[in-house]
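Reminder, nothing fancy here: chain letters follow the sequence lines and each chain counts from 1.
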Amino acid sequence: MPADYDKDAYPEPPRKTPVVDKQTALPNPALILTKVFYYAVDLPVTTFRDVVDSIRSKNKLVYYHQRFRRVPDLTECQEGDYVCCYEAEMQWRRDYKVDQEIVKVVQERMKACQQREGDSFLQNCAREIQQFNDVTKNYQSRYGDLGAYASGRKCLMKQKERMMAAQARAW
Amino acid sequence: MVGMSVLRSAAAFAARLTPLKPGSSPANLLTRAIPRTDKAAIRWGHGKKMFVIKPSDYYDRRFLRLLQYYVLLTGIPVAIIVTGVNLFIGEAELAEIPEGYEPEHWEYYKHPITRWISRNLYDSPVKDYEKMMAAIQIEKEKADMRLTQMEVRRHMRESGDGPWFQIPTLNKDLIDNSPKASPDN
């Protein structure tokens, strides 16, 4: 199985299952069912997985995350320097993708927290909810309605509009 | 015809000789076919074979057969290959880039088939990037040259002392000025 998530990151509350205190001689159907499930489903699947892993471990492949160098921004390019504009545009696209993934990660955290806490999530996950709200508000203000043909240039113009609006409000 | 009637009468006579049920009246014996109630079909086992008249489904079945054949012709090898790759080679695991090592462009992908395609069929993304930048540079130079050419045309037309827009005229040395008092007469 791929490595399970880091258990210390999202600590679960201590279990409160009571100690088994059997007072009848009748067999426990839940126990029988779990054993049946274990021998009929769990064990074959696990052995198959182990066999496949032992075959796979002979040719192990690795992959890396690519690191990109920072290039000058759209604001630092000359008027007719289209090559510089292209590089800035590509960098903006990569940053757009990264920001989308950041929003997804924060959303996953909030969902995990809500799943963990159950009905009292509004109180216990306030930090995650607050973080999610902040991140999505920033994302919306920066990349919000750019649409499918979003580009670095359009994003820059949106930022200009934002700054103009802020300045108009300041007056 | 006569032989047929003789045979028929012989058959009826032979049938008469066999023991009949008490229920059969003499009138039935005279007909050609003697209804044998003792051999009627009471239990419906396999049933009587019927010749059902319906339109031909040969073309539909042929289409489905051919569809199945052509889909499976490449479908089964692809399924075998993909299953084999997933079982025996397996996906790559994420690792940190070691110090001073520049990974090849296919080592940034997880699935082995994607890696293979990236290694053998595609150019590296760096090369694609450079190709795009070269195309942009060429187009930029073309656009700049066109702009300068427009500018030069404008200047050449205006001042007229450049090599362009020259209209060839006669050679002034060919004019015979001997009968003239002054050259402009």
Side-chain angles (χ1 to χ4, degrees), chain A residues 1-6 9 44-74 76-98 101-102 104-105 108 149 151-153, chain B residues 80-120 122-148 150-151:
Chain A
M1 297 283 275
D4 215 349
Y5 68 88
D6 182 20
V45 167
T46 318
T47 44
F48 177 70
R49 175 89 200 194
D50 289 335
V51 159
V52 166
D53 272 342
S54 69
I55 297 171
R56 270 200 208 175
S57 61
K58 292 190 191 86
N59 17 11
K60 266 262 156 268
L61 299 167
V62 275
Y63 77 107
Y64 311 103
H65 276 160
Q66 190 163 15
R67 290 178 190 280
F68 291 94
R69 280 199 296 269
R70 300 302 294 184
V71 285
D73 211 6
L74 199 55
E76 292 157 27
C77 282
Q78 297 291 328
E79 173 74 30
D81 194 355
Y82 302 113
V83 175
C84 176
C85 289
Y86 174 74
E87 292 206 77
E89 174 72 31
M90 288 295 119
Q91 186 181 257
W92 180 86
R93 292 234 175 120
R94 289 194 292 268
D95 290 341
Y96 189 22
K97 269 246 135 70
V98 166
E101 295 297 322
I102 289 174
K104 280 185 202 167
V105 164
E108 282 285 331
Y149 298 103
S151 115
R153 197 157 246 151
Chain B
I80 291 175
I81 289 172
V82 171
T83 313
V85 163
N86 279 330
L87 278 181
F88 298 113
I89 300 184
E91 292 185 340
E93 284 180 348
L94 189 55
E96 285 294 324
I97 302 177
E99 283 298 323
Y101 174 64
E102 175 76 29
E104 304 283 342
H105 65 273
W106 67 80
E107 285 175 11
Y108 291 115
Y109 297 105
K110 192 157 64 154
H111 197 263
I113 295 181
T114 321
R115 283 166 84 106
W116 183 84
I117 292 172
S118 172
R119 194 171 67 231
N120 296 85
Y122 284 169
D123 282 329
S124 91
V126 177
K127 191 170 169 191
D128 282 337
Y129 196 80
E130 296 285 333
K131 281 194 299 203
M132 186 63 168
M133 289 209 287
I136 292 174
Q137 179 68 16
I138 288 171
E139 289 298 314
K140 172 187 191 293
E141 280 169 9
K142 274 161 67 175
D144 287 342
M145 273 199 218
R146 284 181 190 139
L147 282 172
T148 46
M150 263 168 53
E151 193 64 25

Counting only N and O atoms by type, is there a donor-acceptor contact under 3.5 Å from the side chain of B:H105 to the main-chain atoms of B:V126?
-> no

Pick from B:A134, B:A95, B:A135 with the largest number of heavy-atom pairs that fall under 4.5 Å of chain A = B:A95

Is the NZ or CZ atom of B:R115 positioned over A:Y63's six-membered ring, under 6.0 angstrom from the centre and within 45° of the axis?
-> no

Check whether A:F48 gets within reach of chain B through its side chain, its backbone, both or neither, counting any heavy atom under 4.5 Å.
-> side chain

Can you establish whether the number of heavy atoms outside A:R153 located under 6.0 Å from its atom CZ is more than 12?
-> no

Shorter than 2.5 angstrom, is that how the SG atoms of A:C85 and A:C77 come out?
-> no

Which bit of B:E91 is near chain A, if near means a heavy-atom gap under 4.5 Å: side chain, backbone, both or neither?
-> backbone

Can you tell which part of B:F88 gets under 4.5 Å to a heavy atom of chain A, answering side chain, backbone, both or neither?
-> both

Quick one: which of A:V83, A:V51, A:D81, A:V52 has the most heavy-atom pairs under 4.5 Å with chain B, could you say?
-> A:V83

To the nearest 0.5 angstrom, please state how far the OH atom of B:Y129 sits from the CZ atom of A:F68.
-> 9.0 Å

